[in-house]
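Below are the structure tokens for one structure; questions will follow.
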Amino acid sequence: MSEVKVLTPEERLKELGLELPPLRPAHGDYVGCVRTGNLLFTAGQGVDQYHGKLGRELTVEEGYLAAQQSMLNLLSVVKNEIGELSKVKQFVKVLGMVNCTEEFTDTPKVMNGASDLIGKLFGEKGKHGRSAVGMQQLPNNTAIEIEMIIEIEEE
């Protein structure tokens, strides 16, 4: 009987035709993430590709892609900190802030871009608590900003 090879999150990314972007520079006096014990708290990550408000300049589909890109930016931060994404033990909490009009109510559909990607890459480890909230404005008019808390394997 042959062994079934379990793909790493990085290998799954390649299968999906995606790649982690280079680290984005901090725009202030903060760091991309802080580790305390076996928890990793990330700073918020926006996107450079999508600007404007959901419900006015951007569609739900574009917001979904923006959330996916924001998660890729976050995973770059995580990989830089822990070396390999397979060291992620559990996604704990994801907070998605969506730049949107007052009337826009599809923030959960937008945030599915990030959550769906986590699920595809990490399976059960990717199940997480989540908040998807609308914001009046985000830095540089970015469409979305996401931050998260993850548990990592003990060293």
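Numbering of residues begins at 1 and proceeds along the displayed sequence. These numbers were taken from a predicted model, which means no experiment stands behind them.
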State whether the side chain of Lys79 and the backbone N or O of Gly83 hold a donor-acceptor pair below 3.5 Å, judged by distance alone.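 Checking the backbone N and O of Gly83 against the side chain of Lys79, a donor-acceptor pair under 3.5 Å is found.
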
NZ of Lys93: more than 12 outside heavy atoms within 6.0 angstrom?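 Yes, because the 6.0 Å sphere around NZ of Lys93 holds more than 12 heavy atoms from other groups.
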
Any donor-acceptor pair under 3.5 Å linking the side chain of Asn73 with the backbone of Gly46?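 Between the backbone of Gly46 and the side chain of Asn73 there is a qualifying donor-acceptor contact (under 3.5 Å).
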
Write down the atom of Leu20, the atom of Ser76, and the distance for their closest heavy-atom approach.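 Taking Leu20 first and Ser76 second, the nearest heavy atoms are CB-OG, 3.3 Å.
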
Main-chain N/O of Ile144 paired with Ser70 side-chain donor or acceptor, under 3.5 Å: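 Absent.
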
State which residues pass side-chain contact (heavy atoms from CB on, under 4.5 Å) with Leu16; sequence neighbours excluded, sorted by chain then number.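 If we apply the side-chain contact (heavy atoms from CB on, under 4.5 Å) test to Leu16, skipping adjacent residues, the hits are Leu18, Leu117, Lys120, Leu121.
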
Of all residues at least two apart in sequence or in a different chain, which pass the side-chain contact (heavy atoms from CB on, under 4.5 Å) check with Thr42?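 Counting only residues at least two positions away or on another chain, Thr42 forms a side-chain contact (heavy atoms from CB on, under 4.5 Å) with Cys33, Leu74, Val78, Glu147, Met148.
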
Taking all atoms of both residues into account, what is the closest heavy-atom pair of Thr59 and Leu54, and its distance?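 Heavy atoms only, the tightest pair is O-CD1, 3.0 Å.
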
Can you list everything that forms a ring pair (Phe, Tyr, Trp, His ring centres under 6.0 Å) with Tyr50? Sequence neighbours excluded, please.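 Checked Tyr50 against ring pair (Phe, Tyr, Trp, His ring centres under 6.0 Å); zero matches.
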
If you compare all heavy atoms of His51 against all heavy atoms of Leu58, which two are closest, and at what distance to 0.1 Å?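 Result for this residue pair: O-CD1, 3.6 Å.
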
Nonpolar side-chain network containing Val31, other nodes, edges under 4.5 Å: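 Reading the cluster by chain and number, Val31 sits alongside Val34.
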
Who pairs with Tyr64 by ring pair (Phe, Tyr, Trp, His ring centres under 6.0 Å), at least two apart in sequence or on another chain?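 Tyr64 satisfies ring pair (Phe, Tyr, Trp, His ring centres under 6.0 Å) with no other residue.
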
Go through the structure and list residues passing salt bridge (charged side-chain N to carboxylate O under 4.0 Å, His left out) with Asp116, not counting sequence neighbours.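 Not a single residue meets the salt bridge (charged side-chain N to carboxylate O under 4.0 Å, His left out) criterion with Asp116.
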
With sequence neighbours excluded, tell me which residues meet side-chain hydrogen bond (donor to acceptor under 3.5 Å, both in side chains) with Asn141.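 With neighbours one apart ignored, the set is Asn99.
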
Which atom names give the shortest non-hydrogen contact between Gly44 and Glu145, and what distance separates them?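 The answer is CA-OE2, 3.4 Å.
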
Rounded to the nearest 0.5 Å, what's the gap from NZ on Lys89 to CD on Glu151? Could you check?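 Lys89 NZ to Glu151 CD: 4.5 Å, rounded to 0.5 Å.
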
Could you list the donor-acceptor pairs under 3.5 angstrom formed between side-chain atoms of residues 101-109 and any protein atom two or more places apart in sequence or on another chain?
residue	atom	partner	partner atom	Å
Thr101	OG1	Phe104	N	3.4
Thr107	OG1	Ala132	O	3.1

Apply salt bridge (charged side-chain N to carboxylate O under 4.0 Å, His left out) to Glu61 and list each qualifying residue two or more places apart in sequence or on a separate chain.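 Listed in chain order: nothing, the list is empty.
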
When Ile, Leu, Val, Met, Phe, Trp and Tyr are grouped by side-chain heavy atoms lying under 4.5 Å apart, directly or through other members, which residues fall in the same group as Met97?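 Besides Met97, the hydrophobic cluster comprises Leu95, Val133, Met135, Leu138, listed by chain and residue number.
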
Can you name the closest pair of heavy atoms from Phe122 and Pro9 and give their distance?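 Shortest heavy-atom separation between Phe122 and Pro9 comes out as CE2-CG, 3.5 Å.
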
Compare every heavy atom of Gly134 with every heavy atom of Cys100, then report the nearest pair and how far apart it is.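 Shortest heavy-atom contact: SG-CA, 3.5 Å.
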
Closer than 3.5 angstrom, by distance alone: can the side chain of Glu81 be matched with the main-chain N or O of Val77 as a donor-acceptor pair?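 Not confirmed, Glu81 side chain does not pair with Val77 backbone.
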
Restricting to side-chain hydrogen bond (donor to acceptor under 3.5 Å, both in side chains), what partner residues turn up for Lys87, sequence neighbours left out?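 Partners of Lys87 by the side-chain hydrogen bond (donor to acceptor under 3.5 Å, both in side chains) criterion come out as none, since no residue qualifies.
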
Salt bridge (Lys or Arg N to Asp or Glu O under 4.0 Å) contacts touching residues 12-32 (sequence neighbours left out):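 Matches after skipping sequence neighbours: Arg24-Asp48.
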
Just by modelled atom types, is the Leu39 backbone N or O under 3.5 Å from a matching donor or acceptor in the Thr36 side chain?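 Not at all, since once roles are kept as given, no pair shorter than 3.5 Å links the two residues.
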
